[in-house]
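Per chain, numbering begins at 1; letters A, B, ... match sequence-line order.
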4 protein chains.
Amino acid sequence: MITGTSKPHQRRGNTRQRIQDVALELIAEQGYEKTSLREIAERLDVTKAALYYHFKTKEDIVVSLFDDLMTPIDALIAWAKEQPPTLETKREILTRYSLALADAAPLFRFMQENQAQMRELSIGENFKDRMKDLLGTLVPEDVELTDRVRCFSALFSMHAGMFVLKDVEGDPEEKRLAILEVATDLVTQAHKH
Amino acid sequence: MITGTSKPHQRRGNTRQRIQDVALELIAEQGYEKTSLREIAERLDVTKAALYYHFKTKEDIVVSLFDDLMTPIDALIAWAKEQPPTLETKREILTRYSLALADAAPLFRFMQENQAQMRELSIGENFKDRMKDLLGTLVPEDVELTDRVRCFSALFSMHAGMFVLKDVEGDPEEKRLAILEVATDLVTQAHKH
Amino acid sequence: MITGTSKPHQRRGNTRQRIQDVALELIAEQGYEKTSLREIAERLDVTKAALYYHFKTKEDIVVSLFDDLMTPIDALIAWAKEQPPTLETKREILTRYSLALADAAPLFRFMQENQAQMRELSIGENFKDRMKDLLGTLVPEDVELTDRVRCFSALFSMHAGMFVLKDVEGDPEEKRLAILEVATDLVTQAHKH
Amino acid sequence: MITGTSKPHQRRGNTRQRIQDVALELIAEQGYEKTSLREIAERLDVTKAALYYHFKTKEDIVVSLFDDLMTPIDALIAWAKEQPPTLETKREILTRYSLALADAAPLFRFMQENQAQMRELSIGENFKDRMKDLLGTLVPEDVELTDRVRCFSALFSMHAGMFVLKDVEGDPEEKRLAILEVATDLVTQAHKH
DNA sequence: CATGAATGAGAGTTCATTCAT
DNA sequence: AATGAATGAACTCTCATTCAT
């Protein structure tokens with residue numbers, strides 16, 4: 001369903017998808033500014049002008065990546081907001097978030113490493129808002145600063161863990177679970193106080 | 001006589017320093033690639049060529065920032081390596097690190113937000129090595145993955161906390177202490193296991 | 001309708017050629033370093049960036065001139081190498097070389113007058129090799145130094161003659177023949193010894 | 001008197017001389033435009049500004065090289081003009097010129113390889129005039145084109161021989177004599193006709 | 001006799017973008 | 001659905017040169 005193998009009006013019109021794939025890969029690796037449209041076009045063996053057939057601007061390519069890949073996160077947040085703020089719910093949120101992150105790993109790597117750019121791409125704020133929302137579902141109201149930090153730390157460690165642990169030994173899934181455990185611990189502590 | 005709008009070139013030996021200050025400020029705000037030498041020069045009211053009198057290249061400016069600002073961190077690591085790996089030591093390391101971070105806050109913001117660029121500036125590795133060293137002083141040998149994650153999470157939260165909590169209410173010093181407390185908690189747990 | 005001062009970009013597929021023409025002319029006149037891309041572009045009434053659409057670098061423009069104009073010389077050398085080393089052959093080589101030089105006169109003027117640059121353009125060696133090859137077809141093996149000098153002097157005088165005699169009276173073709181005669185004399189002497 | 005080895009007010013004021021030496025060396029190797037004052041200054045371990053104490057402009061440095069090194073050539077020409085135009089005289093001219101060239105080899109290499117620049121340094125003409133003068137002492141009046149070419153070829157081969165034979169086997173002095181012999185032959189032939 | 005600090009002009013190069021075809 | 005040709009703005013960087021000290 002993701003790669004466009006299924007239906008609508010393709011014929012082999014997978015170019016748009018391929019642009020997104022290559023763009024994500026290159027930008028995650030080199031950063032937004034360092035990645036030029038020429039590079040993307042060359043890698044795809046099309047001309048730069050072809051990119052402009054599919055996307056209005058360079059920024060548009062990146063925005064489209066988010067529009068596509070943020071949907072699960074948005075769904076998660078929407079769901080979270082409707083649950084009662086029990087510890088059980090919070091654990092479930094973390095679990096689901098961990099899985100969502102693993103799915104969209106390159107995108108998060110990109111975001112993590114290009115925060116400065118994010119701010120000017122009109123995406124940063126969107127994302128920050130989402131994080132605030134997500135944090136809101138984890139942290140109890142009227143809690144002291146330390147516990148708020150604990151929850152934020154949980155979220156942040158999940159982000160960072162994705163690629164910082166890349167050059168650590170061990171199976172990725174195992175690492176994901178370890179991170180999830182630590183995050184859950186932190187949120188649990190904050191909840192209990 | 002105030003700052004001197006009239007005469008050609010006076011303000012003596014402080015230009016190099018001023019370049020570093022402005023560069024750090026702009027790059028932290030906009031990112032490395034987005035910040036042009038023209039911008040830096042204009043802000044200082046000198047020509048681009050003047051920058052090249054003081055630094056051999058744009059990259060050089062950034063490198064010089066590190067050379068200047070990393071010294072305290074290096075000293076801390078050196079000290080940490082010579083202490084016995086007691087819990088007390090680890091707490092002290094975190095405390096000192098927290099202070100060092102607060103001192104070099106803009107630099108860390110810059111690093112955090114320009115990680116993609118860091119890799120190509122021959123600084124990234126240096127820094128990653130330092131972090132590995134520092135982590136080594138916190139995490140016990142032969143510890144299980146979860147506890148390793150806890151320590152790494154402690155360090156990372158300290159980095160991120162600096163500027164993520166910027167748009168949260170409250171006194172900066174208070175926030176720093178909250179972060180430090182959470183980090184210390186994490187390391188303490190890892191130590192006890 | 002004449003040359004088109006009005007409309008933006010028409011004149012179709014000849015731009016590449018025109019760049020080469022103008023570049024050769026300007027560089028032959030002013031030297032490689034002194035000739036800027038701005039100058040070339042202005043003369044063609046296009047932007048500098050247009051040059052980069054057709055050539056990857058400034059050096060590339062010059063290299064392309066050689067690739068185009070050296071072909072006859074290469075053909076001559078290839079042919080010469082397959083002939084028996086008789087005096088008749090050598091005379092023929094000189095005759096053909098003289099004509100080839102006359103054809104590519106501006107290029108040779110350029111080379112003669114920018115030898116220092118040639119060395120760094122990765123063309124110098126190529127050309128030197130060719131000259132060595134050509135010399136090899138003229139000079140007998142195991143000949144004494146004086147006769148080797150005679151042959152080299154023949155070749156070199158042909159090069160230099162092209163443009164040094166420019167400010168001497170007389171019909172160019174007549175001058176070419178005079179130079180050819182002297183060169184032939186020199187090679188003949190060397191052959192007889 | 002020329003080089004300042006003798007007296008007046010030196011104390012170790014050899015800097016001017018050293019600038020000339022380094023400039024000649026670098027320019028002969030890389031060409032005029034490619035050789036920057038920074039490079040010269042660095043090689044001498046002084047600042048660029050120091051060069052401006054000794055010479056008014058970059059061009060001035062080169063001009064001074066000529067003023068110093070052309071003197072023997074000028075003397076030779078002056079002497080040649082006063083001799084009777086016998087074959088013996090012409091042989092002597094060539095012999096002396098050969099020696100003069102060997103003395104000022106780097107300068108001639110520089111001139112040979114930077115002809116394009118020469119034209120703009122107001123030296124080219126000077127030198128061309130000298131060559132015309134020298135040629136005038138070798139070539140008989142009212143001679144046919146071929147013999148004029150012979151004489152010019154003799155002179156030119158002497159110039160070129162200096163450094164083209166650099167990458168040929170053999171003792172430099174031996175090579176010089178071989179070139180001289182060929183040149184003498186050419187002039188002798190022209191004289192006899 | 002020389003330096004430290006700076007300038008103005010310009011170099012080559014790259015970029016995102018456009019548009020007729 | 002895509003290309004070929006081009007642009008304008010910006011970029012990093014280098015150069016010869018100046019001048020107060």
Stems in DNA chain F, runs of 3 or more consecutive Watson-Crick or G-U wobble pairs with both distances under 3.5 Å, sorted by first number, are E:2-21 with F:2-21
[X] [atom1] - [N] [atom2] separation (whole Å):
| X | N | atom1 | atom2 | answer |
| --- | --- | --- | --- | --- |
| C:Glu42 | E:dG10 | CD | P | 10 Å |
| B:Tyr32 | F:dC11 | OH | C1' | 12 Å |
| C:Leu51 | F:dA6 | CG | C1' | 11 Å |
| A:Lys34 | E:dA16 | NZ | P | 13 Å |
| C:Arg38 | F:dC11 | CZ | C1' | 18 Å |
| B:Ile40 | F:dC11 | CD1 | C1' | 13 Å |
| B:Asp60 | F:dT12 | CG | C1' | 13 Å |
| C:Asn14 | F:dG4 | CG | P | 17 Å |

Is there a donor-acceptor pair under 3.5 Å between the side chain of A:Arg43 and the backbone N or O of A:Val22?
no
For residues 48-58 of chain B, please give each side-chain donor-acceptor pair under 3.5 Å, one per line with the distance, not counting sequence neighbours.
from    : atom 1 : to      : atom 2 : distance (Å)
B:Thr57 : OG1    : B:Glu59 : N      : 2.9
B:Lys58 : NZ     : B:Tyr32 : O      : 2.9
B:Lys58 : NZ     : B:Thr35 : O      : 2.9

Between A:Ser36 and C:Thr35, which residue's closest nucleotide on DNA chain E lies nearer the 5′ terminus?
C:Thr35
Let's see if you can work this out: which of [options] has an atom nearest to the side-chain heavy atoms of [X]?
| X | options | result |
| --- | --- | --- |
| C:His54 | F:dG8, F:dC13, F:dA5 | F:dA5 |
| C:Val46 | E:dT13, F:dT7, F:dT3 | F:dT7 |
| A:Leu37 | F:dT14, E:dA16, F:dA6 | E:dA16 |
| B:Tyr52 | E:dT18, F:dC13, F:dG8 | F:dC13 |

Check whether any side-chain heavy atom of [X] lies under 4.5 Å from a side-chain heavy atom of [Y], and answer yes or no.
| X | Y | answer |
| --- | --- | --- |
| A:Val62 | A:Phe110 | yes |
| C:Leu37 | C:Ile61 | yes |
| B:Phe127 | B:Met118 | no |
| C:Ile19 | C:Leu44 | yes |

Is the distance from OP1 or OP2 of F:dA1 to the nearest side-chain N or O of A:Thr15 less than 4.0 Å?
no
Distance below 4.0 Å between C:Thr57 side-chain N/O and E:dT13 OP1 or OP2
yes
Please compare C:Lys48 and D:Glu33 by the position of their nearest nucleotide in DNA chain F and report the one closer to 5'.
C:Lys48
B:Glu39 vs A:Ala50, nearer the 5' end of DNA chain F by closest nucleotide:
A:Ala50
A:Gln17 and side chain to side chain donor-acceptor pair (under 3.5 Å): which single residue from A:Asn14, A:Thr15, A:Asp21 fits?
A:Asp21
